[in-house]
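The structure appears below as structure tokens.
Numbers here are sequence positions counted from 1. Predicted, not measured: the structure shown is a model, and the values here were computed from it.
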Amino acid sequence: MSWFFIALWAPFLLACANHNDKFLLSRYLEQKSIGSIVILSSLFSGVAIPIVLFIQPDVCDVSFVNGTALVATGMSSVFAAVCYLYALDLDEASFVTPFYQTVPIFAYFLGYFILSETITLAQGLGSFAIVVGALALSFEFGRRGMRFKRDVVALMLGASFLSAVNGVIFKLIAVDRGFWVSLFWGFVGQTVTGLTFLVCVPSYRRDFLHLFRQSKVGAVGLIALSKTLFSVSEAVTLYATLLAPVALVFLVNSFQPLFVFAFGIVLTLFFPRVAKESLDRTKMLQKSLGICLMLVGGYLISR
């Protein structure tokens with residue numbers, strides 16, 4: 001199977017997770033318990049650790065420096081998820097997720113210094129197009145005029161940067177140490193971060209404990225589903241980086257806004273209780289133009 005079709009599963013799964021998270025935050029959890037989602041999803045990574053150990057027992061065959069770097073990538077993925085969840089709490093999934101298309105831009109700069117990758121003129125133009133598309137999506141037109149969504153932009157740029165760091169460092173080490181070994185230590189970093197939040201962040205701990213006191217089994221199940229979708233999509237993306245250049249793999253994630261946009265329309269029309277996206281003509285045009293511009297930029301980057 002071509003690396004492209006392998007990588008294409010990642011944006012599909014992420015789009016499913018995006019709408020699942022939005023439903024969880026807006027309809028299921030009464031108090032927007034982002035802390036409970038972060039802790040539970042991070043600790044859920046611990047379930048994957050024995051599975052990876054069963055597949056690859058020699059996970060300790062890694063240097064201290066490489067192991068520490070891989071643990072840090074796991075931690076960065078959790079902080080990226082935190083930024084994403086706070087942004088998703090502020091706006092619609094079809095508005096928030098296109099900002100992930102700035103990941104290749106960060107990856108190019110990081111790749112230049114870490115992997116000695118260079119950027120062609122076409123790739124530079126594509127990067128510019130993606131930035132313009134992201135900026136177009138960051139403006140809201142309403143009764144109060146045009147408003148720049150600084151909080152959403154800052155949160156999603158932070159999430160994109162951390163995602164790029166995760167991918168570049170993972171490939172740097174996994175090419176030599178192997179996919180499963182690198183994935184194992186990333187899961188360790190995610191689990192450690194979840195435990196740290198549980199112990200050191202009182203508001204997150206209260207959200208986490210409140211979730212179980214209320215016996216919200218459905219919420220726990222949805223959080224577990226999101227974590228599974230994110231973990232599988234992340235593993236697919238990281239695996240694909242070993243089959244093709246990192247920039248091209250990140251480029252495939254440009255399909256995520258299309259999946260999110262399409263799923264949002266279908267859910268709004270046929271399952272409005274599950275999710276509801278704004279179908280206002282101006283917003284639809286804004287989202288369509290912004291996403292199309294990002295996809296054009298992604299095409300230029302791949303040339």
Side-chain angles (χ1 to χ4, degrees), residues 1-11 13-14 41-82 100 103-119 158-197 227-253:
M1 182 183 293
S2 169
W3 69 267
F4 176 82
F5 294 104
I6 294 175
L8 193 61
W9 278 101
L13 294 172
L14 284 174
S41 60
S42 299
L43 295 180
F44 192 75
S45 298
V47 177
I49 291 177
I51 298 176
V52 177
L53 274 174
F54 177 78
I55 298 174
Q56 176 59 268
D58 300 329
V59 293
C60 292
D61 186 20
V62 62
S63 69
F64 176 78
V65 174
N66 286 346
T68 301
L70 290 169
V71 169
T73 64
M75 293 179 172
S76 70
S77 68
V78 175
F79 283 103
V82 170
Y100 272 126
V103 173
I105 299 176
F106 291 118
Y108 280 126
F109 284 105
L110 293 171
Y112 176 80
F113 293 104
I114 298 175
L115 302 176
S116 299
E117 295 178 344
T118 57
I119 302 175
S160 297
F161 175 76
L162 292 173
S163 297
V165 171
N166 186 17
V168 172
I169 298 300
F170 182 91
K171 181 173 184 178
L172 178 67
I173 300 175
V175 167
D176 180 51
R177 305 315 307 167
F179 172 75
W180 291 109
V181 172
S182 303
L183 194 65
F184 171 84
W185 290 107
F187 283 141
V188 170
Q190 293 175 10
T191 305
V192 169
T193 305
L195 290 173
T196 302
F197 282 154
K227 178 56 183 177
T228 300
L229 292 170
F230 271 111
S231 295
V232 174
S233 66
E234 183 179 30
V236 167
T237 297
L238 294 175
Y239 178 75
T241 61
L242 303 180
L243 304 177
V246 175
L248 293 182
V249 174
F250 282 140
L251 170 67
V252 177
N253 286 334

(message) A side-chain contact here means heavy atoms from C-beta on lying under 4.5 Å apart; do L13 and F230 qualify?
(response) no
Q. Is a donor on one side and an acceptor on the other found under 3.5 Å between the side chain of K171 and the backbone of T241?
A. yes
From the list L53, V62, I51, side chain to side chain contact (heavy atoms under 4.5 Å, CB included) partner of F184 resolves to L53
Side chain proximity check, N166 to E234, heavy atoms < 4.5 angstrom: yes
Tightest non-hydrogen contact, residues A159 and A80, listed as CB-O, 3.5 Å
query: For Q190, does its backbone N or O pair with a side-chain atom of S45 as donor and acceptor, under 3.5 Å?
result: no
Task: Chi angles and distances behind the side chain to side chain contact (heavy atoms under 4.5 Å, CB included) call for V181, D58 - done: CA-CA 7 Å; V181 172; D58 300 329; 5.7 Å; no
Quick one: does any side-chain atom of R177 pair with a main-chain N or O of S182 as donor and acceptor, under 3.5 Å? no
Value for CG (D176) from CG (N66), rounded to nearest 0.5 Å, stands at 7.0 Å
| said: Checking V165 against F106 for the side chain to side chain contact (heavy atoms under 4.5 Å, CB included) test, could you report, in this order, the C-alpha distance in whole Å, the side-chain angles of both residues, the deciding distance, and whether it holds? | reply: CA-CA 8 Å; V165 171; F106 291 118; over 6 Å; no
Heavy atoms of A69 and I173 approach each other most closely as CB-CD1, 3.7 Å
CG of L70 to OG of S63, rounded to nearest 0.5 Å, is 8.5 Å
In terms of heavy-atom contacts, A164 and F250 come closest through CA-CZ, 4.4 Å
I'd like to know if the side chain of W185 and the backbone of V59 have a donor-acceptor N/O pair within less than 3.5 Å.
yes
### Message
For Y239, is the OH atom crowded, meaning more than 12 foreign heavy atoms sit under 6.0 Å from it?
### Response
no
Here the gap from M75 atom CE to T196 atom OG1, rounded to the nearest 0.5 Å, amounts to 6.0 Å
Nearest heavy-atom contact between A240 and V249 is O-CG2, 3.4 Å
dist F187:CZ -> T191:OG1 (nearest 0.5 Å) comes out at 8.5 Å
Query raised in the report: Is any side-chain heavy atom of L115 closer than 4.5 Å to a side-chain heavy atom of L172?
Result: yes
Which of T193, L162, I169 passes side chain to side chain contact (heavy atoms under 4.5 Å, CB included) with S76? It is L162
Should V192 and V71 count as side-chain neighbours, where that means a heavy-atom distance under 4.5 Å? no
Centroid-to-centroid, F161 to F109, below 6.0 Å?
no
Donor-acceptor under 3.5 Å (S231 side chain, T228 main chain)
no
Worked verdict on L183 versus L238 for side chain to side chain contact (heavy atoms under 4.5 Å, CB included)
CA-CA 9 Å; L183 194 65; L238 294 175; 4.3 Å; yes
